[in-house]
Amino acid sequence: MRPALLVVALSALTAVPLGAQSKAKATGVPEIPYDSVPNFIKMPADLYLGESMGVATNSKGHFFVFTRSATTRLFEFDQNGNYVREIGAGNYGFEFAHSVRVDPEDNIWVVDEGTNMVIKFNPAGRVIMVIGHRPEAVAGATTTVNVPVVPAEKYTLGRPTDVAWDQQGNIFVSDGYVNNRVVKYDKNGRFIAQVGSEKAGNGKEQLNLPHGIAVDAKGNVYVADRSNHRLQVFDNDLKFKASYDNIGDSWTVCVSPGPHQYLFTSNSNPNGNGPGTWDITGEIYKMELDGTILGRFGHASKQPGGFQVVHMMDCRNPDQIFVAEIESWRVQKLMLKPQLARTAGTK
Amino acid sequence: MRILQIVLLAGLPAVLGAQQLSFDASTNAVKFSDAAPEGEVAGVATNSKGDIFVYTRTGHPTITIGTARPFAHGGSRLYQFDRTGKFIREIGKDSYGFEVAEQVRVDPQDNVWVVDQMSSMVIKFDANGRVALLLGRKSEAERVPAAPLDAPGRAGRGGGAPGAGQQSDVFQRPSDVAWDAAGNIYVADGLGPNARIAKFDRNGKFIKSWGSKGTANGQFNTVHGIAIDAKGDVYVADAGNKRIQVFDADGNFKSQITNIGTPSALCMTSGPHQYLYSSNSNPPNDIDSGGEIYKLELDGKIAGQFGKAGKSLKEFGTTNAIDCRRESELLIGEIGNWRVQKVMLKK
């Protein structure tokens, strides 16, 4: 009993504070050159992006940005970055944006960590399904935002972070800042399974701030296990498959479509850290699904072309990556170029 | 073995062997739009012309900072659609009393009555959409952090000890409103600690109230819905006690109806043979049990039941309102699924 307690105490002392950054263990990773399309997004007068939490493209090349401005808003742009429209203005579930994703039928899904909701819009922009339930205003404002329901309930999310689907249409939600789990629902929103629980942990089937999620064509589930400084892979039943712990803190993940799928993960660079941290974080890794690192690109910077806390990536085209950044209030479109000297992948 | 039995029973409908009514359903009874965005549908009701009124939790419940007190406003809207589901207009836009929608009902003169759970007000709009009568008063300010919902003496939400069934003309989280043939007004009060029915004359003068917190006849534990038959008997959904209690117009207990799960939304049909609909609504955090709606004879005999909890068509998500102006063509207001579902019962 006593040694166990000691371990707990020690790990508490050495725990990395929230917002701390990790240098990736992988070394000798080849750089992938890229350009950031200059002035890509054209905002109408009197319309601004705030913290850009989510970006996602649909099959027509339009893209959606879920952003924290005075209120949380969802904007649609065309393939050239021209503003098209706003979706869900005044939506009851919009309070604090976290993620937007587009499913294979071009439905638009948003995840809001201020209302604990996942909302599915059809391509016309009308709500067709919701998961989770906004705490009722009649209960008033509380000061506790980080206390999970114990045990975590099937249909109550705790500051959820992201959503993904497999080819059967099953829904996977990373949940989140309060709970520490991934939940699998069927396509009609009925609970099937979960991995992790309300408790954070670093075991194989435990999570500590699951912050992003993606699913490959075989149904395997990739989870950005941010505060565990790793990326966890589960099978379709949410059983452990693999852990990639050499890519720094996995903040967000993306799996590209097509016959040869790639995995992208971002070692993002939040503020609140000392001098020198920009030198060791901010990069995005391109990987094979098995964890082989193919290359890396990007670096911490507030200037265009650099990254200031990448919060979400879109990789529908694995050579054209959209990145949404929290702390630069922007979305960039990156054109990746062929790697000059193809080195052997690093595992 | 005993535990096993209980577990098995918990998953079963409240009544075994009640006749299943076959039905069709659609979700296009009302067409939400950017002018009338979706939200949690707390109330739905029709007028004599077939227009449909929806009181919904939408937009942003907001607390603003004032003179040492935070003030709450917004979060609900009242829409009017025509019989084809086309949006006609909004009523009471930015009303002081619209905070957390709870119910809307239309009286025989086509006045539209709104019950708001957070402002603890009942607001009567005339057929032109102007305020005609107000019951209760909104709390001037909110406490942050919030006071417990069932605390005594919460400002503007009535005073007295919890469960006292206070004799007063102000409410604590009222849930529903109904009228008798003389136009007397009955308010279900409510979801808070009051546990009573308040009766007013047609001009809004407080007459009396009955009930207090408890399980005895004439006592309530969460008063959810109310309906009145042609003779003037009052049917009260006593959700916490899993029964409907029947009273005469003076509040004298007459009978109770049980074995229908947790009665939540009630609706009384008109015509020579009246029926009472009652929903066994699932809570928002559980779609795996309950959810069915009962059709009852006024003596409590079950004529049939239909539906179950879920997010798909012909399933219900936390039913909070039933409109039964037409006995076999119902409108169901769903909090959990953000929609109005039209139910067509087959003969």
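Computed over heavy atoms, backbone and side chain alike; hydrogens, waters and symmetry mates excluded. What you see is a predicted model; the values in this text were computed from it and never measured.
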Going through the distances and angles, do B:Q117 and A:E136 end up as a side chain to side chain contact (heavy atoms under 4.5 Å, CB included)? CA-CA 10 Å; B:Q117 187 197 134; A:E136 292 181 7; 3.9 Å; yes
Kindly indicate, with the supporting measurements, whether the criterion side chain to side chain contact (heavy atoms under 4.5 Å, CB included) is fulfilled by A:M129 and B:R339. CA-CA 9 Å; A:M129 187 164 85; B:R339 68 184 179 191; over 6 Å; no
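Put simply, NZ on A:K120 and CH2 on B:W338 are 14.5 Å apart, with the number rounded to the nearest 0.5 Å. Atom CD of B:E38 and atom OH of A:Y92 lie 14.0 Å apart (nearest 0.5 Å).
Side chain of A:R190 to main chain of B:I287: a donor-acceptor pair is present (N/O by atom type, distance under 3.5 Å, no hydrogens or angles). Using a distance-only test at 3.5 Å, with no hydrogens or angles considered, no donor-acceptor pair links the side chain of A:E153 to the main chain of B:N285. Looking only at distances, no side-chain donor or acceptor of A:H133 sits under 3.5 Å from a matching main-chain atom of B:I335.
Only the backbone of B:A309 comes within contact range of chain A, with at least one heavy atom under 4.5 Å from a heavy atom of that chain. When heavy atoms are compared at a cutoff of 4.5 Å, A:A137 approaches chain B by way of both its backbone and its side chain.
The greatest number of non-hydrogen atom pairs below 4.5 Å with chain A, out of B:S33, B:A72, B:G39, B:G317, is found for B:S33. Put simply, of A:T156, A:I128, A:N91, A:T115, the one with the most heavy-atom pairs under 4.5 Å next to chain B is A:N91.
The pair B:K311-A:D186 fails the salt-bridge criterion, with no side-chain N (NZ, NE, NH1 or NH2) lying under 4.0 Å from an Asp/Glu carboxylate O. Under 4.0 Å is where a charged nitrogen must lie from a carboxylate oxygen, and between B:E40 and A:R134 no such pair does.
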